[in-house]
Structure formats: structure tokens, C-alpha cells
Amino acid sequence: MAGTLSRLDTRSTHTIMEDSNSDDLGSRLDTTEWTVESRADEDDSVSLDRILPAHADSDTDEASRGLFDDLLEGEPIFDSKEVLRPSYTPDQLPHREEQITNMATILVTALRGDTPSNILIYGKTGTGKTASAKFVSEELETTSEKFDVLCEVEYINCEVTDTQYRVLAQLANKFIEKNERIISDRLETARALRQRVDEEGPEAIRSSAYDTVQALSSRIDSLEEELADIDPVPMTGWPTDRVYSTFFDAVDYDARVVVIMLDEIDKLVEKSGDDTLYNLSRMNSELENSRVSIMGISNDLKFTDFLDPRVKSSLGEEEIVFPPYDATQLRDILQQRADVAFKPETLTDEVIPLCAAFAAQEHGDARRALDLLRTAGELAERDRTDLVEESDVRTAQDKIELDRVIEVVRTLPTQSKLVLFATILLEENGVHSINTGEVFNIYKRLCGEIDADVLTQRRVTDLISELDMLGIVNAVVVSKGRYGRTKEISLSVPVAETEAVLLSDSRLGDIEDVQPFVQARFEN
Ligand code: ADP
Ligand code: MG
């Protein structure tokens with residue numbers, strides 16, 4: 001029995017260590033924000049259903065009207081909704097001039113054919129890191145076309161590409177593709193020359209780089225061979241050293257300066273350690289023709305704590321911080337996008353300042369600000385008015401916040417869901433100043449009901465703190481005089497919606513009649 005308990009304990013410690021890690025919480029919140037995006041998209045289809053019956057009532061005589069006619073009718077609010085989506089890269093980034101200039105000052109070295117210092121960019125989500133980095137890299141590539149320096153930026157989103165194998169394979173294949181193009185071009189030129197030789201005779205070779213027709217022919221043969229030998233890296237299956245050396249050879253095939261942009265680099269390190277960064281950062285000492293520089297972008301300010309000191313110092317040669325935007329800055333950002341996204345005079349005066357104020361509270365997140373503005377516009381559009389008003393922004397704020405909560409609750413581990421469910425049951429039954437002991441008692445019974453492992457009260461207390469950090473419950477420590485201290489717990493989220501999400505979990509959904517547990521708490 002003792003053995004079983006300690007195994008349980010170890011497992012639960014593991015869960016909690018992972019979950020109470022603040023970076024993990026941060027990253028979970030980030031993911032949520034992205035999910036909100038897709039939810040908003042899904043909602044477009046929901047609105048169809050909502051509007052259609054109304055249409056049928058008012059326009060029964062016009063049976064020939066198509067499904068979309070009614071929706072298209074009326075003054076549209078948006079000129080281009082795309083402009084408010086995160087995928088859109090604006091060509092101006094107000095209030096990021098300093099960071100952009102800093103990046104450019106470091107990277108301009110590449111245009112001179114030298115290796116730029118590695119750069120580490122920090123800042124919370126929605127502070128414009130990705131947008132600025134992409135902006136700078138586009139400028140760099142365009143300018144390098146005017147110069148004679150081959151300067152390339154490779155962007156990798158490490159949230160998606162999150163293992164060393166995948167990062168190296170993706171990079172290798174990009175360069176293999178580029179090399180293929182280079183070789184094909186050279187081959188084409190050489191073949192054209194041989195054709196001229198065939199037509200005009202051997203004199204045609206004189207003005208070329210080849211001494212003899214023989215040399216030209218063997219060059220063509222070797223280029224053909226090179227092209228045939230090219231072997232892209234499969235997405236799995238090779239030993240990592242082979243992927244690395246393939247990437248190394250592909251980069252070094254030609255003289256070039258390569259900036260590898262690793263966005264969400266903290267996710268890569270969290271998932272797969274720092275081997276990738278170690279390997280990339282030592283490449284320059286062995287490359288003969290090309291140079292590599294790394295630009296890491298992180299949402300987590302402390303992620304370098306987990307790095308090998310050599311990697312840390314190499315990666316952080318230059319550091320650029322993206323501070324949160326304040327409400328005034330967010331207003332400028334929104335205004336600039338709104339001018340393009342909305343039809344003229346569709347926003348009342350309060351809309352942009354209110355979106356900016358809400359997002360400023362949310363750690364100055366421009367993504368949130370844009371989400372709010374777009375959602376407010378969509379809400380107004382659904383009401384088929386031609387004006388977005390303050391109330392639309394407030395409804396949008398509630399909607400986004402609720403979507404966030406639902407997503408966080410949905411992805412909680414089962415144990416946390418049980419703890420949260422216990423709290424909800426108490427609150428629904430009118431229990432005031434809920435304490436940890438009460439939650440624990442109900443929790444134990446819920447566990448029994450679905451055959452889940454029962455954690456210790458200490459662990460449950462930790463899970464409550466985690467729910468507090470996620471903004472789902474509010475737990476305050478109160479002193480009970482000589483009886484010590486306890487936590488008083490209340491819900492910070494709407495009960496009905498949260499309960500519905502919990503019950504949509506197939507395990508919790510099996511709990512049938514919960515009332516007896518709540519009554520039983522008085523017996524404990
Ligand atoms: P991060 O990478 O720091 O999380 P992003 O660069 O993805 O943030 O920015 C989030 C959203 O806000 C994007 O839609 C981006 O275009 C927009 N944005 C951020 N900063 C600015 C700015 N200074 N000007 C205009 N748009 C911005
Ligand atoms: Mg980003």
C-alpha cells in the first residue's frame with residue numbers, strides 16, 4: 001500500500017511541477033489566444049444559422065433569393081477584415097522604431113558580407129516581436145537583392161517545429177531547394193553555351209569561363225550528377241547527425257550569409273533542450289563558404305536560465321527587449337489598422353480607445369487589441385448595423401474572455417477539473433467562504449465516482465493555487481487565529497458555462513447525481 005501511495009505521490013508531484021511552472025502557464029495562455037482566433041472564425045458559420053430564419057420570415061415572397069444575398073445586403077462595415085488578423089503583416093509598425101532600428105543595425109553587417117551577431121529578442125505576447133522581425137527580414141532580403149551579397153533569412157516557428165530533427169530538416173530542405181535552383185541555373189547556362197558551340201563552332205567558347213569544349217562538357221556532366229545526387233531530408237527516420245551534416249553541406253554549398261530566425265525559441269528549448277542551439281551556434285567555426293547567425297525570439301524572459309552557459313553567451317550577444325504597449329500606443333496601432341480595415345465613419349469615437357484600454361490591462365497585448373476590434377466589428381455586422389459602438393467592444397471583451405476561460409478549462413488536466421468541479425458544486429449550493437478542506441472532501445467523492453486517483457490535500461491545495469494563477473478561481477489566505485490559516489476560495493468565472501465545459505469531458509460527464517456529495521460534506 002505504501003508503495004502505491006508513493007508512486008501516486010511521485011506522479012502527482014510531476015504533474016504539479018509541470019503545471020505550476022509559470023512559463024508553462026504563460027505558454028498555455030498564449031495558445032489560448034491563438035485558439036480564440038480560430039473560434040472567432042468558426043463563429044462566422046454560426047452567425048449564418050442565426051440570421052437565416054429571420055430572413056425567411058421577412059422575405060418569404062422572394063423565394064429565389066440565394067442563401068447569401070441577405071447577408072451581402074446592407075452596408076458592410078469592413079473594407080478588409082484580413083487587415084485585423086494576426087497573419088497580416090503591416091508595412092508600418094508604430095512604436096517599434098527603436099527595436100527595428102536596433103535589429104537593422106546589427107543585421108546590416110550581413111549586407112557587407114560579414115556575420116552579424118546573434119540576437120535574442122524578448123517580450124510578452126502581442127508586443128510586436130514576430131511582426132517586427134518579419135518586417136526587418138523582408139527589408140534585409142530585398143536590399144540584399146540590390147547588393148551583390150547573398151543574404152537569406154530563414155524563419156522557423158518553433159511552436160510548430162519543436163524538435164532538433166524537425167528544425168534541422170526544415171532548414172536543410174530549404175537550402176537543398178535553393179541549391180537545386182542554383183545548380184539548375186548553372187546547368188542551363190552551360191547547356192546554352194554548348195548549344196552555341198554546336199551551332200557556331202568551338203570559337204564560341206572563347207568569350208566564356210571555359211578553356212576548352214572538353215572542360216565545358218565535363219562541367220555539364222558534374223552539374224547533372226550533383227542535381228541527381230540531391231536527397232532531401234525525410235521528415236523522420238534519419239539519425240540526427242546525418243540531418244545536421246546534410247544541412248551543414250547544403251548551407252555551405254554557396255557563399256551566403258544566413259540569418260536563422262527562431263520564433264518562440266523558448267518552446268523549442270522547453271520541449272527538446274538546447275542541443276539545436278548548441279549545434280547551430282558552433283557552425284561558423286567550421287563553415288567555409290557561408291556564415292550563419294541566429295535570431296531567437298522568446299515570450300519568456302527567463303528561458304536562458306535553462307541554457308548551457310556557452311549557448312547562452314553565444315545566443316545573447318545582442319539582446320533587444322520589446323516592452324508592453326501602453327494604451328496610447330495601442331490606440332495608434334489600432335487607428336492605423338482601422339483606417340484600412342473599416343469603411344469610413346463606421347467606428348464611434350469610443351471604440352478604439354476602449355479596445356486599447358482593455359488590451360493595455362492585458363499586459364499591453366496588441367494582438368488582443370486587434371482581436372477586440374475585429375470581434376466588435378463582427379458583432380456589429382451580425383446586428384446588421386453600419387456602426388460599431390462602445391457596447392460592441394464590451395460584448396466582444398466578454399466573448400473573448402469567455403472563450404479564453406473555456407479553452408483554459410477544457411485543456412486542464414483531469415485532476416484540476418475535479419478540483420474545479422468540486423468548487424463549483426459548493427458554490428452552486430450556496431456555500432460561502434469555501435475552504436480547502438471542503439473542496440477536498442467533495443473532490444475525494446468525485447474521484448471515487450469516476451475511479452480517479454485521489455491526490456493528497458496538499459496537492460489539491462497546489463492545484464487550487466494553479467487555478468488561481470490561471471484566473472479561474474480566486475483563493476485568499478485567511479488567518480483562523482490559533483487554528484492556523486486556510487484558503488477561502490471563490491469562482492472567478494461564470495458558473496454555468498464553466499460547468500458545461502467540465503461536463504463535456506467524457507470522464508466528468510459520467511458523474512451522474514452530484515447532489516449527494518454536496519450534502520455529504522456536512523457529515524465530514
Ligand atoms: P508577438 O510576436 O510579440 O507575440 P506579434 O508581432 O505577433 O506579437 O503582434 C501581434 C499582432 O499585433 C499582430 O497582428 C501584429 O501585426 C500587431 N502589432 C504588434 N505590434 C504592432 C505595431 N507596432 N504596429 C502595428 N501592428 C502591430
Ligand atoms: Mg510572435
Side-chain angles (χ1 to χ4, degrees), residues 8-9 11-33 35-36 125 361-363 398 400-450 452-478 485-509 511 514 517-518 521:
L8 274 181
D9 270 7
R11 183 141 40 118
S12 51
T13 313
H14 177 68
T15 318
I16 284 152
M17 274 171 49
E18 262 179 13
D19 288 341
S20 58
N21 176 329
S22 65
D23 308 331
D24 189 37
L25 299 185
S27 67
R28 195 181 304 170
L29 287 175
D30 290 354
T31 333
T32 313
E33 284 176 358
T35 325
V36 166
T125 30
Q361 284 169 12
E362 198 77 22
H363 68 253
D398 291 346
I400 291 175
E401 190 51 34
L402 187 61
D403 285 350
R404 182 192 81 84
V405 167
I406 287 175
E407 197 47 32
V408 173
V409 171
R410 203 179 57 77
T411 52
L412 286 174
T414 306
Q415 289 291 347
S416 302
K417 282 185 177 167
L418 289 168
V419 171
L420 178 59
F421 195 29
T423 316
I424 288 182
L425 290 177
L426 288 163
E427 191 147 309
E428 276 180 338
N429 280 274
V431 179
H432 298 294
S433 30
I434 303 167
N435 65 40
T436 317
E438 286 170 319
V439 172
F440 186 63
N441 284 337
I442 308 287
Y443 157 83
K444 269 194 302 197
R445 283 160 190 274
L446 292 173
C447 286
E449 193 68 8
I450 63 162
D453 300 335
V454 180
L455 304 180
T456 61
Q457 181 155 345
R458 248 212 77 130
R459 304 277 171 248
V460 169
T461 308
D462 289 341
L463 292 182
I464 292 173
S465 307
E466 189 201 319
L467 292 172
D468 187 6
M469 273 192 283
L470 288 167
I472 298 175
V473 303
N474 181 27
V476 271
V477 178
V478 288
R485 298 187 307 164
T486 181
K487 270 186 179 163
E488 269 183 23
I489 303 146
S490 57
L491 279 176
S492 316
V493 291
V495 177
E497 284 87 348
T498 313
E499 186 171 357
V501 181
L502 288 176
L503 292 175
S504 71
D505 181 309
S506 59
R507 288 191 77 186
L508 272 70
I511 304 174
V514 289
F517 308 140
V518 185
R521 94 191 167 90

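This structure is a prediction, so every number in the text was calculated from the model and none was measured.
A donor-acceptor contact closer than 3.5 angstrom is absent between the side chains of Ser490 and His432.
A distance of 10.5 Å separates CD1 in Ile434 from OG1 in Thr436, rounded to the nearest 0.5 Å. Atoms CD1 and CZ, on Ile442 and Phe421 in that order, are 10.5 Å from each other to the nearest 0.5 Å. Rounding to the nearest 0.5 Å places CD1 of Ile450 at 9.0 Å from OG of Ser506. One distance of note links CZ of Phe440 with CZ of Arg445; it measures 11.5 Å at 0.5 Å rounding. Put simply, OG1 on Thr414 and CZ on Arg507 are 5.0 Å apart, with the number rounded to the nearest 0.5 Å. One finds the CZ atom of Arg458 at 11.5 Å from the CG atom of Leu463 (value rounded to the nearest 0.5 Å).
Of all heavy-atom pairs between Leu446 and Leu418, the closest is CD1-O, 3.7 Å. Nearest approach of Glu428 to Val495, heavy atoms of both residues: OE2-CG1, 3.6 Å. Shortest non-hydrogen contact noted between Gly471 and Ser492 is O-CB, 3.4 Å. Across Ile489 and Asn435, no two heavy atoms sit closer than the pair CD1-C, 3.9 Å. Residue Lys487 comes nearest to Ala475 through the heavy atom pair CD-CB, 4.0 Å, listed as atom of the first residue, atom of the second, then distance.
Formation of a donor-acceptor pair under 3.5 Å by the Gln415 side chain with backbone atoms of Asp453 is found in this model. Ser416 contributes no side-chain N or O that, together with a main-chain N or O of Leu412, makes up a donor-acceptor pair within less than 3.5 Å.
Side-chain atoms of Leu491 and Thr498, non-hydrogen and from C-beta on, never get closer than 4.5 Å to each other. Taking 4.5 Å as the limit, every side-chain heavy atom of Glu497 sits out of range of all side-chain heavy atoms of Val405. A heavy-atom distance below 4.5 Å is found between the side chains of Thr125 and His363.
Salt bridge Glu401/Arg404: present, at least one basic N to carboxylate O contact under 4.0 Å.
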Candidate pair Lys417 and Asp505, rule side-chain contact (heavy atoms from CB on, under 4.5 Å), full reasoning: CA-CA 9 Å; Lys417 282 185 177 167; Asp505 181 309; 2.6 Å; yes
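Here the options are Leu455, Thr423, Ile464, the test is side chain to side chain contact (heavy atoms under 4.5 Å, CB included), and the partner is Tyr443; only Leu455 passes.
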